[in-house]
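Here is the structure we will look at.
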Amino acid sequence: MHCNMSPERKKLLNIVILGFSFMFMFTAFQTCGNIEQTVIKSFNHTEFHGSGYTSMAIIYGVFSASNLISPSVVTVIGPQLSMFFSGLVYSGYIAVFIYPYTWSFYMASVLVGIAAAVLWTAQGNVLAINSTGSTIGRNSGIFWALLQFSLFFGNLYVYCSWHGHVHITDKDRQTVFISLTVVSLVGCFLFFLIRKPDPESVPSEESVSILQGDSIESCSTTGSPKSNLCSQALDAFVKACKLCVTKEMLLLSTSIGYTGLELTFYSGVYGTCIGAMTQFGTDAKSLIGISGICIGIGEILGGGAFGMLNKSNRFGRNPVVLLGIITHFVAFFLIFLNIANDAPLASEAGTDLQTFITPSSTRVALLCSFLLGLGDSCFNTQLLSIIGFVFHDNSAPAFAVFKFIQSIMAALAFFYSNYLLLQWQLLILVVVGFFGTISFFMAEWLAESSRRESDYDTI
């Protein structure tokens with residue numbers, strides 16, 4: 001019992017290190033995404049013509065396409081080096097803002113899109129080989145909680161650094177982005193602390209399939225590794241294409257698409273809107289950081305609560321999704337009343353446009369941040385749950401389809417954020433959210449019907 005490092009403890013330590021590595025990296029990257037459009041508006045030279053929204057559209061577009069090649073990359077160079085090199089690309093993207101050029105900014109955006117697919121594929125692989133059927137839920141929870149804490153620290157640093165700053169000077173920008181780059185690099189090098197599990201403790205094919213479905217073939221499969229790699233990649237691709245046209249996935253695709261749209265809104269657009277509000281006074285820029293923290297609180301509270309509720313599954317998934325859409329609709333209505341219509345597109349000087357709530361309230365703005373995070377966790381926890389349940393035997397291609405749809409819609413939303421006023425962006429979210437909720441209810445009804453039929457057949 002008192003063995004210093006049992007195989008199980010070693011695997012748990014690996015999961016904790018993985019969580020801390022991602023926490024450092026995404027403390028830097030998510031903070032960067034939250035503030036970059038505001039920072040770009042404040043550049044003091046005319047050589048730079050980039051857009052934070054366009055950059056994020058490129059990242060998510062390339063990310064969705066790169067999911068097709070990422071399993072091959074991880075198989076060839078291993079998960080540890082895959083995560084390390086991907087992390088270096090993330091750090092490079094953040095470092096671009098220290099001395100920004102349009103060409104380097106957009107080139108880094110393309111590279112981060114590829115790196116993101118490799119990073120998350122490798123993360124799933126590390127989670128799988130350090131988990132068994134009985135520990136996968138616990139390990140996923142530990143990783144998810146550590147990752148969500150990334151929303152706190154970077155945004156708190158931005159708040160402290162920019163408090164009282166009406167204009168973001170070159171020195172302000174360079175100080176923040178040098179710090180974020182260093183934090184991201186710390187996360188990269190932490191990956192080297194992850195140790196291979198003991199040979200006898202590597203999970204069986206059955207336990208790995210919990211995370212990745214039956215597209216994973218046994219290591220003892222005959223034939224050359226190269227031919228196995230190609231056949232596995234092709235098999236997963238064919239299964240993903242087949243899953244796309246199943247009744248359940250077609251219904252869930254609207255809900256998944258909605259999570260991509262609202263991900264764009266809370267992670268990039270809303271922080272920019274808050275920073276553009278001159279009615280918030282000298283605190284407007286630093287409030288972006290507090291907004292990010294409030295989103296994080298909503299994500300962590302919602303994810304923890306609904307993750308536990310999901311274990312009992314007494315009331316099903318529909319009530320949680322209904323709570324999520326109501327929470328989001330309240331947030332959208334308050335944002336419509338409290339934030340100026342031209343805030344997403346305003347210049348560095350901000351917007352003086354009058355709002356329905358006069359004067360605009362910072363408390364209402366931060367309440368909306370919390371509600372956006374809470375509603376997002378409602379949708380994501382239940383989507384992950386229903387996809388894992390309905391496509392249990394094909395979870396790897398099913399989650400690939402999930403990421404593909406979500407990323408495409410996030411890319412589309414970042415693209416139109418360059419052009420649409422706030423009211424039209426909110427209207428799109430309301431319409432897609434409404435139909436996404438209805439289609440989720442139908443998918444849940446189908447899942448419950450099939451579960452009852454299978455239970456009846458086993459009697």
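- Here side chain to side chain donor-acceptor pair (under 3.5 Å) pairs that include residues 319-330, with residues two or more places apart or in two chains, are Y258-H328.
- Screening residues 107-117 for side chain to side chain donor-acceptor pair (under 3.5 Å), with sequence neighbours left out, gives S55-S109.
- Residues V126 and F191 have side chains not in contact (no heavy-atom distance under 4.5 Å, counting atoms from C-beta outward).
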- [ ] Verify side chain to side chain contact (heavy atoms under 4.5 Å, CB included) between Q80 and I194, making sure each step is shown before the conclusion.
- [x] CA-CA 8 Å; Q80 195 172 47; I194 297 174; 4.0 Å; yes

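- Residues passing the ring-ring contact (aromatic ring centres under 6.0 Å, His included) test with F26, sequence neighbours excluded: F22, Y90, W120.
- Between the side chains of Y270 and S291, no donor-acceptor pair of N or O atoms lies under 3.5 Å.
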TODO: Could you walk me through whether R317 and L383 pass side chain to side chain contact (heavy atoms under 4.5 Å, CB included), step by step?
DONE: CA-CA 9 Å; R317 302 174 186 90; L383 277 169; over 6 Å; no

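- Put simply, the side chain of L190 reaches to within 4.5 Å of the side chain of L193, judged on heavy atoms.
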Contacts table for residues 13-21: side-chain donor-acceptor under 3.5 angstrom, sequence neighbours left out:
from, atom 1, to, atom 2, distance (Å)
N14, OD1, R195, N, 3.0
N14, ND2, N130, OD1, 2.8
N14, ND2, R195, O, 2.6
S21, OG, I17, O, 2.8

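- When the side chain to side chain donor-acceptor pair (under 3.5 Å) test is applied to D376, the partners found at least two apart in sequence or on another chain are Y266, N380.
- Atom CZ of F404 has 12 or fewer neighbouring heavy atoms from other residues, nucleotides or ligands inside a 6.0 Å radius.
- Between the side chain of S184 and the backbone N or O of L180 there is no donor-acceptor pair closer than 3.5 Å.
- Counting only distance, with no hydrogens or angles, the side chain of R173 and the backbone of I98 share a donor-acceptor pair below 3.5 Å.
- V321 meets the side chain to side chain contact (heavy atoms under 4.5 Å, CB included) test with F379, Q382, T437, F440, F441; sequence neighbours excluded.
- Using a distance-only test at 3.5 Å, with no hydrogens or angles considered, a donor-acceptor pair links the side chain of S439 to the main chain of L251.
- Formation of a donor-acceptor pair under 3.5 Å by the S104 side chain with backbone atoms of P100 is not found in this model.
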TODO: Would you check, one step at a time, whether the test side chain to side chain contact (heavy atoms under 4.5 Å, CB included) holds for V183 with Y157?
DONE: CA-CA 12 Å; V183 169; Y157 174 67; over 6 Å; no

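- Residues that satisfy the side chain to side chain donor-acceptor pair (under 3.5 Å) test with Q30, not counting sequence neighbours, are S150.
- With a 4.5 Å cut-off on side-chain heavy atoms, K403 and S64 do not count as touching.
- Residue pairs meeting the ring pair (Phe, Tyr, Trp, His ring centres under 6.0 Å) criterion with at least one partner in residues 405-427, sequence neighbours excluded, are Y60-F414, F415-Y419.
- Scored by the ring-ring contact (aromatic ring centres under 6.0 Å, His included) test, F189 finds F84 as partners (sequence neighbours excluded).
- Remark: the backbone N or O of V390 is not paired with any side-chain donor or acceptor of E248 at under 3.5 angstrom.
- The shortest distance between side-chain heavy atoms of F402 and M249 does not fall below 4.5 Å.
- Not a single side chain to side chain donor-acceptor pair (under 3.5 Å) links T272 to another residue, sequence neighbours left out.
- Remark: I293 engages F152, N155, L156, I290, I297 in a side chain to side chain contact (heavy atoms under 4.5 Å, CB included) (not counting sequence neighbours).
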Task: Check against side chain to side chain contact (heavy atoms under 4.5 Å, CB included), V158 and T31 - done: CA-CA 8 Å; V158 167; T31 304; 3.4 Å; yes

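- Counting non-hydrogen atoms of neighbouring residues, nucleotides and ligands closer than 6.0 angstrom, the CZ atom of F192 exceeds 12 such neighbours.
- Taking T259 as the reference, Q406 meet the side chain to side chain donor-acceptor pair (under 3.5 Å) condition, with sequence neighbours excluded.
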